[in-house]
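Note sheet for the following structure.
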Number of protein chains: 2
Amino acid sequence: MATPQTGAGDPKRSLELLWREYGAQPSRPGPKPRLTVDRIVEAAIAVADREGSCFGMRSVSAELGVGAMTIYRYVPGKKELIDLMVDRISRFDGIQPDLSQLGWREGLELLAEGTWEVYEAHPWLLEINQRRPVLGPDSLAGYDFALSAFEGHDLPDREKNLVVTAVMNLVTGTARQYLLGDSADDAPETTESEWWKMQAPYLEKAVASGRYPRITVFADETAWDISAHESMRYLLDRFLDGLAPRMEAVRRAPEGPQ
Amino acid sequence: MATPQTGAGDPKRSLELLWREYGAQPSRPGPKPRLTVDRIVEAAIAVADREGSCFGMRSVSAELGVGAMTIYRYVPGKKELIDLMVDRISRFDGIQPDLSQLGWREGLELLAEGTWEVYEAHPWLLEINQRRPVLGPDSLAGYDFALSAFEGHDLPDREKNLVVTAVMNLVTGTARQYLLGDSADDAPETTESEWWKMQAPYLEKAVASGRYPRITVFADETAWDISAHESMRYLLDRFLDGLAPRMEAVRRAPEGPQ
DNA sequence: TATTACTGAGTACAACGTACCCGATTCAGG
DNA sequence: CCTGAATCGGGTACGTTGTACTCAGTAATA
């Protein structure tokens, strides 16, 4: 048979792997598999944490101590492996605080901070270009967890989705802006401060040219010394401020029927 | 001499090219260059618009009708070319409305919508992993333009930067979530609705399992039918709602001294 | 025991960015 | 004018990437 359908980028295979069943397989001929999909995913995450998003399949194989092509027996291709890695990363290992005990605001703040921590731990996540959101078991659990922040409020389902995706996109956008450099990738190159020192002469000359009349703030160094996390919190806090009136409006009466 | 320093990823070369002078060069021996850096950048953008961010240097060469290696006479490497492309894309071609005539809110909305349109026109921009923000002439002009939204308000410089980056990160985050699929890249694969149709059975089974108690909204299709732009606007509007009190507090008196 | 399916490793290929070399071209100085 | 030097464009080739394919070895079933 030609082309045994190891076709790359098959979403169906990704989904099958994501939602794979762990039940006992019927015994089949042939040697027992030495690896498992889980071990490969864990190894790939370890490699990506170390090498950045441009990790190679050969590195994953080496990490597992197997031949270069061996992992292809378990995973159809790199794209699918990344799908699995992304879902695995979304798993919330710590204790899940009971968001319904907290207020909606604290809940969403926790969601944002949790997402932020994931990006800090695995900056390569920001570099991969996820074609479509792959909702695996762990991502779905995270979404379910996020929705618990709205308990006690009669926000329409549609708006719940808007809010949750807003918070996540807000975190992602800021993280991308600031945390990308932390990923090792291929060029350590220059540090943050060195980079600005390098740009400074050009920027100063540009500002001096008068073509950028409003950018005169380079004199004040502290105006540009903004940490990634502070930037995220500012955006988050204003967003939640703006959301507050709406949440108050849909607050459910504590005891009575809805 | 060994290694004539065609070193890739040199930020200094990027900066030199970004802020290159257009003055008449002193006449030098050798044939006149057939290309210019600008033509290469324009061609590369055209190719990226067509092929996605995974455009190849050979495609750019072909677009210009020159040999594969010829463009390396003008640009040190792909990274630097991308830096130039990013800055070029940031150029605001249309008429710049006078933000100072509008209110701060309309100004920031215009900034967000403008950024959004850039991403819609050039989705590949979302796929490239910019190590560090390269502030070229056009990016700087955009930033200067953005700052004009704060005229008539005594917001501290530091907070201005927080707000502007917040708006841009907000747009970027949402755009990335939704617009990535529009980039042609390598796999047209499945459409949005096909993808959800493919995921549906797994999600339904997962929800039915009871492990995700709060995700019961899959019954209501409309709850998930959220357009990219709507999602961005929701986040933007709440953010601006939250920013409003602060902006009112720092509003400068119309006539009197500050 | 014979069959059969499956595993793991090795080889190889296309595409990528780009280092290097060489002939052709055009200016500056005599 | 001629000569030397500097530059340009193109071709070739190398290392690295993801992965298609082949083949020998293994273990459960009939």
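A note on names: the letters A, B, ... follow the listed sequences, proteins ahead of strands, and every chain is numbered from 1.
Rounded to 10 degrees, the angle separating the terminal axes of the helix from C:dT1-D:dA30 to C:dG30-D:dC1 is 10°, with each axis obtained from five end pairs.
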*Step by step, work out the side-chain hydrogen bond (donor to acceptor under 3.5 Å, both in side chains) result for A:D138 and A:S90.*
CA-CA 6 Å; A:D138 294 325; A:S90 309; over 6 Å; no

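Heavy-atom nearest nucleotides on DNA chain C were determined for A:P29 and for B:K32, and the one closer to the 5' end corresponds to A:P29. Both B:R58 and A:M69 sit near DNA chain D, but only B:R58 has its closest nucleotide nearer the 5' end. Mapped onto DNA chain C by nearest heavy atom, B:M57 and B:R28 fall at different nucleotides, with B:M57 at the one closer to the 5' end.
Atom CG of A:L64 is separated from atom P of C:dT7 by 16 Å (rounded to the nearest Å). Atom CZ in A:F55 sits about 18 Å away from atom P in D:dT16, given to the nearest Å. C:dA19 atom P lies 7 Å from atom OH of B:Y72, rounded to whole Å. Distance, B:I71 CD1 to C:dC16 P: 13 Å, rounded to whole Å. When rounded to the nearest whole Å, the span between CG of A:L81 and C1' of D:dT19 equals 13 Å. Separating the CG atom of B:L35 from the C1' atom of D:dC8 is a distance of 11 Å, rounded to the nearest angstrom. In this structure, CD1 of B:I40 is placed 15 Å from C1' of C:dT18, rounded to the nearest angstrom.
Annotation: cation-pi pair B:K78/B:Y72 absent, no NZ/CZ under 6.0 Å from the ring centroid and within 45° of its normal.
Between B:R34 and D:dG10 there is a side-chain N or O to OP1 or OP2 distance below 4.0 Å. Taking side-chain N and O atoms only, B:Y74 has a distance below 4.0 Å to OP1 or OP2 of D:dG9.
Nearest to the side-chain atoms of B:P33 among the listed nucleotides D:dA27, C:dT18, D:dC8 stands D:dC8. Side-chain proximity of A:P31 to the nucleotides C:dT25, D:dT26, D:dA5 is greatest for D:dT26. Listed nucleotides: D:dT19, C:dG8, C:dT25. Nearest to the side chain of A:T70: C:dG8.
Considering CE of B:M85 and CD1 of B:I89, their distance stands at 7.0 Å, rounded to 0.5 Å.
Within the nucleic acid shown, A:R73 comes within 4.0 Å of at least one base atom, counting heavy atoms only. As judged by a 4.0 angstrom heavy-atom cut-off over every strand, B:G67 is placed among residues touching the sugar-phosphate backbone only.
A centroid separation of less than 6.0 Å is found between the aromatic rings of B:Y143 and A:W224.
For the pair B:Q199 (side chain) and A:L135 (backbone), a donor-acceptor distance under 3.5 Å is present.
Exactly one of A:V118, A:I82, A:L179 qualifies for a side-chain contact (heavy atoms from CB on, under 4.5 Å) with A:L125. That residue is A:V118.
Between the side chains of A:N129 and B:R176, at least one donor N or O sits under 3.5 Å from an acceptor N or O.
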